[in-house]
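Below, chain A is the first sequence line, B the second, and so on; all start at residue 1. Remember, predicted model here, so these are calculated numbers, not experimental data.
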Amino acid sequence: MSTSVTMRPCGDFRTSYKQDTTIFETKTIRWFAILAIAFACFAPFILDAYYLTLFIQVSYLGIAALGLNILVGFTGQISLGHGAFFGFGAFASAWLNTQFNIPVVFCIPLAGFLTMAVGMMFGMPAARIKGLYLAIATLAAQFIIEDFFGRAEWFSGGAAGSLAEPINIFGFAFDTDESFYYVALFALVFMFIWGCNLMRTRDGRAFVAVRDHYLSAEIMGVKLNKYRLLSFGISSFYAGIGGALYAHYLGYVSAEGFTIFMSIQFLAMVIIGGLGSIKGTLMGVVFMVLLPEAMEASVSVIKDTSIGAHPMLVDGLAYIKEMAIGLVIILFLIFEPEGLAHRWNQIKNYWKSYPFAY
Amino acid sequence: MAANSAAAKQDKVFVGHLADMSGPTAFVGKEYADGVRDAMAYINANGGIKGTGLEFETIDYAYKVPQAIASYKKWKSRKKMVAMQGWGTADTEALISFVARDKIPVYSASYSGHLTDPKGKNPHTKKPAPYNFFYGASYSDSCRALVQWAAKDWKTKGSKGKPKFTHIGANHPFPNAPKAACAEYATELGFDVQPSVVISMKPGDFKAQCLSLKSSGTHYGYIGNLGGSVMSLIKSCNTVGTDIQFMSNIWGGDRKIFEAIGEGVKDYIFPTMTPFWDSNVDGMKLVKNISKMSDSSGTKSRPHHYIRGVCSAYYMKEAMEWAKDNGGITGKNVKKGMYATQNWVPKGLEGVCLPATWKDDDHRGIAEVNIYKGNFDKGNVSIEQVDTVSLERRADWLGY
């Protein structure tokens, strides 16, 4: 076979920077991606609401996680407040819609910009501090914003939460899993292509330079403060868009969900997927969304067996599930610290040289 | 053949069961879930819904909203779920729109006031919740009942002046749910409402908060949190030496908490919707039989959260029976079944579940609150009923 599915074929040389920074490594991969998206368009005709809801989850969490990866993986900053920014986007979109009667399709990007502003405000300390100190500053953002949700009734509805109308375009409401699936698919593809392109621009390369060696970057003329702050802004923009989609999918936003645990979950997604990898982000999100479902399914198998009815096991199963999720994450950090994206590349390399390793 | 398959379809109906057994509210979530689960298993073992089996699946979603949504969608699309037994505020609220559209009644253990307004009549109601039911008084109504009790207590003690009332709890939707409604009513009854005191949902050192309660001279403090946080608060306030009459929400008071706190518990006031395990009422026999589904020895003593779970499952059972006789067990008919009878106690649970009335424009099933007092005295926990408050069904309280 002269062409390969997963790797650059022999003789495919790149002679310009432009060729070297294409989104898809080979033409075949590009065609596969286009075909996959085309097939994905038919998913609601084949899959039931359960699969669709999992995809929708992957999409809104994926967009937000990509934002965090831009900040952590590409720029080398840290944020422990991403869950709160996600929540801010959700409330902001609902608030813009109900208070100012702005159509939901416009509220979603506007919520992204509002979250961007908030993110940049909390990202300001990044200009002066880094590492653990920055982590604590962003942790403060998490708690301040969470507390704000509880108090600012005008914005979030306080204890009663906030209503979020479904997306409505020319009288067609995207309020079912089947219809919202297309919104989610569009948003995911759009935001990921945007993310990929961003990393190929001058700004994207500046982010990577700041991450790799800030002193060298500064000597080269990269404005550290500007890019650190910009990275916080873009990261929050993505979180805001993800949150807004979440709000309009559920139709209702309550402050309870956007805790520190959500922030940690986002961090886990990008670490498991692979820091500094766009496709890795998606892999990590898919992994984190499917893991509890897979664990639930396997625990259900034990429940159905004869030993499953034993009282100790019945009580224990709940904990087995939670512990297994924790264990898988720990194992990942030990054996695959560079994430799923790295493992994927290793698999590709293995097949590239199969059966001769050298 | 067609008739046969139709009959086979009606042979079993599916009920989804969301529970928090390992998450942040597992302290009471597990007990409540056991009650629901045992009750459904018992119903199945004793003829089901007039011959129709109850198929159910319990999923421990650990209070994570995305998992609750995924489970709901799985049950809806694959199992043709007709009703759901739910749990917390976050997931119940996230599912309001979905269940209303899919016509699936949800029996939750979230008692937020705004779930009681099915048609969105009250301007305070953010979102009408036509398919949401719960067994018990709402958090707001329970708090109003406690305030009524406090007003009476103030008079009985012959105290002079305006009593001071403070809401104590985390700045989160669950503790905050009754805050505004309760403060309004307390003001109406002549209380001097103090700014609320924020304490975390997690256990910790709350001496600073106790000092501010002491300096404000609060007489009655309503605790909106549960479990470990309540324990820490009482211990901290005892150290500081406050003289406050504590009153808590329904999740904040039970034997387990009093045993854990030990000597610090003095005249702790809390509401219940059922009597206690050792109460001598007719229906408790059935509860004890139900309990044997997961404790064959029958030696386990269950808290009132467990019994409330049993009531929740049994109201659903009787609504399903009505539905079966009136067009089949579908979500829509089960909802109608909830309105079919008034002042209604499920058969066999007399004296355990309070008589309830749901209407299609008013989902305040219970408007009665039993108030208990807990004490810890030389190693023994003593719990006694001190009052029963019947609340008016005021129109401005619906959904608030």
For the [atom1] atom on [X], are there more than 12 heavy atoms of other groups (residues, nucleotides or ligands in this structure) within a distance under 6.0 Å?
X: A/Phe100; atom1: CZ; result: yes
X: B/Lys288; atom1: NZ; result: yes
X: B/Lys121; atom1: NZ; result: no

Q. So which of A/Ile56, A/Leu61, A/Asp177 has the largest heavy-atom pair count under 4.5 angstrom toward chain B?
A. A/Asp177
Q: Look at A/Glu256, A/Gln57, A/Glu146 and state which one has the largest set of heavy-atom pairs under 4.5 Å with chain B.
A: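 The residue among A/Glu256, A/Gln57, A/Glu146 with the greatest pair count is A/Glu256.
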Q) Are the side chains of A/Glu296 and B/Gln67 in touch, meaning some heavy atoms are under 4.5 Å apart? A)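 Side-chain contact under 4.5 Å: no.
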Q. Is it the backbone or the side chain of B/Ser296 that comes under 4.5 Å from a heavy atom of chain A, or both, or neither?
A. neither
Q: Give, as side chain, backbone, both or neither, the part of B/Lys179 having an atom under 4.5 angstrom from any heavy atom of chain A.
A: neither
(Q) Show the nearest heavy-atom pair for residues A/Gly251 and B/Ser97, with the distance to one decimal. (A) CA-OG, 4.1 Å
Q.
Please evaluate residues A/Phe148 and B/Asn171 with respect to the criterion side-chain contact (heavy atoms from CB on, under 4.5 Å), reporting the C-alpha separation (whole Å), side-chain torsions for both, the decisive distance (0.1 Å), and the verdict.
A. CA-CA 9 Å; A/Phe148 173 74; B/Asn171 186 22; over 6 Å; no
Q | Residue among B/Lys74, B/Lys76, B/Lys73, B/Arg78 satisfying salt bridge (Lys or Arg N to Asp or Glu O under 4.0 Å) with A/Asp48 | A |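 Exactly one option meets the salt bridge (Lys or Arg N to Asp or Glu O under 4.0 Å) with A/Asp48, and it is B/Arg78.
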Q: Select one option (side chain, backbone, both, neither) describing which atoms of A/Leu54 are under 4.5 Å from chain B's heavy atoms.
A: side chain
(Q) If I measure from the heavy atoms of chain B, does A/Tyr249 come under 4.5 Å with its side chain, its backbone, both, or neither? (A) both
[X] [atom1] to [Y] [atom2] distance, which is reported to the nearest 0.5 Å:
X: A/Ser254; Y: B/His172; atom1: OG; atom2: NE2; answer: 10.0 Å
X: B/Phe98; Y: A/Tyr252; atom1: CZ; atom2: OH; answer: 14.0 Å
X: A/Tyr51; Y: B/Ser77; atom1: OH; atom2: OG; answer: 9.5 Å

Q | Whether A/Thr53 side chain and B/Ile69 backbone form a donor-acceptor pair below 3.5 Å | A | no
Q.
Determine whether the aromatic ring centres of residues B/Tyr63 and A/Phe261 are separated by less than 6.0 angstrom.
A.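 Ring-ring flag for A/Phe261/B/Tyr63: false, centres at least 6.0 Å apart.
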